[in-house]
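Worksheet: one structure, shown below.
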Amino acid sequence: MAILMPRITQAKQILKRSFSNGSRTTKSMDIPKGCLAVYVGEQEKKRFVVPVWLLMKPIFQQLLDQAEEEFGYSHPMGGLTIPCSECTFTDLASRLGAL
């Protein structure tokens, strides 16, 4: 459990930075408590709002590792960007009960 906590903290820091860079838009304000926005896609990114507990799942941890390799901590969309196809992400999130 302690191993997973740094990644969650990093994801929260990325989201705090992205929301504090400008004025709050309606897009950033429509995220329910306990959820976060992620951007998914290979070419065109689509925004998904997923529960925070999804960050604790080992398979999602692998996606976070890929995101770290590809983007580091500078995400082009301003939020957490996941470098996989939309179809792969929706399939994974559905199997985990997040969508």
Side-chain angles (χ1 to χ4, degrees):
M1 184 78 147
I3 296 171
L4 301 177
M5 294 308 286
R7 289 190 183 130
I8 293 171
T9 303
Q10 291 166 353
K12 285 182 181 179
Q13 288 172 347
I14 290 168
L15 289 171
K16 279 183 187 177
R17 278 192 304 238
S18 69
F19 293 147
S20 65
N21 284 342
S23 63
R24 288 185 167 249
T25 62
T26 56
K27 217 172 198 186
S28 67
M29 299 201 45
D30 65 352
I31 301 172
K33 188 172 184 170
C35 295
L36 65 113
V38 295
Y39 295 90
V40 179
E42 294 167 333
Q43 297 295 325
E44 194 172 315
K45 308 290 187 218
K46 183 173 179 185
R47 182 176 181 258
F48 289 89
V49 177
V50 296
V52 173
W53 59 259
L54 190 64
L55 295 171
M56 303 289 262
K57 300 296 181 178
I59 190 102
F60 199 80
Q61 292 288 317
Q62 291 174 353
L63 290 176
L64 292 176
D65 288 339
Q66 288 176 4
E68 182 181 8
E69 282 180 30
E70 187 163 329
F71 302 114
Y73 296 108
S74 174
H75 292 268
M77 297 297 292
L80 187 58
T81 306
I82 306 293
C84 71
S85 71
E86 186 180 326
C87 182
T88 301
F89 181 80
T90 55
D91 180 53
L92 170 72
S94 294
R95 282 189 280 138
L96 293 172
L99 293 180

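Note that the numbering runs from 1 along the sequence shown for the chain. Atom set for the values below is all heavy atoms of this structure, side chains included, hydrogens, waters and symmetry mates excluded. Worth saying up front: this structure is predicted, and the values here are computed from it rather than measured.
- Annotation: the span from Ile59 atom CD1 to Leu64 atom CG amounts to 11.5 Å, rounded to 0.5 Å.
- Atom CZ of Arg95 is separated from atom OG1 of Thr90 by 10.0 Å, given to the nearest 0.5 angstrom.
- If you take CD1 on Ile82 and OG1 on Thr88, they are separated by 12.0 Å, rounding to the nearest 0.5 Å.
- Considering only heavy atoms from C-beta on, Leu63 comes within 4.5 Å of Leu92 through its side chain.
- Taking the salt bridge (charged side-chain N to carboxylate O under 4.0 Å, His left out) definition, one finds that Glu70 meets it with nothing, sequence neighbours left out.
- Of all heavy-atom pairs spanning Ile31 and Ala37, the tightest one is CD1-CB, 3.7 Å.
- Checking side-chain atoms of Glu42 against main-chain N and O of Pro83 turns up no donor-acceptor pair under 3.5 Å.
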| field | Intermediate values then yes/no, side chain to side chain contact (heavy atoms under 4.5 Å, CB included), Phe48 and Leu54 | value | CA-CA 12 Å; Phe48 289 89; Leu54 190 64; over 6 Å; no
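- The two residues Lys45 and Thr81 make their nearest non-hydrogen contact at CE-CG2, 3.7 Å.
- For the pair Cys35 and Val49, the tightest heavy-atom approach, listed with the atom from each and the gap, is CB-CG1, 3.7 Å.
- When side chains are defined from C-beta on, Leu36 counts as touching Leu55, because their heavy atoms get closer than 4.5 Å.
- Taking CZ of Phe60 as the start and CH2 of Trp53 as the end, the distance is 10.0 Å to the nearest 0.5 Å.
- Atom CD of Gln43 and atom CD of Glu86 lie 13.0 Å apart (nearest 0.5 Å).
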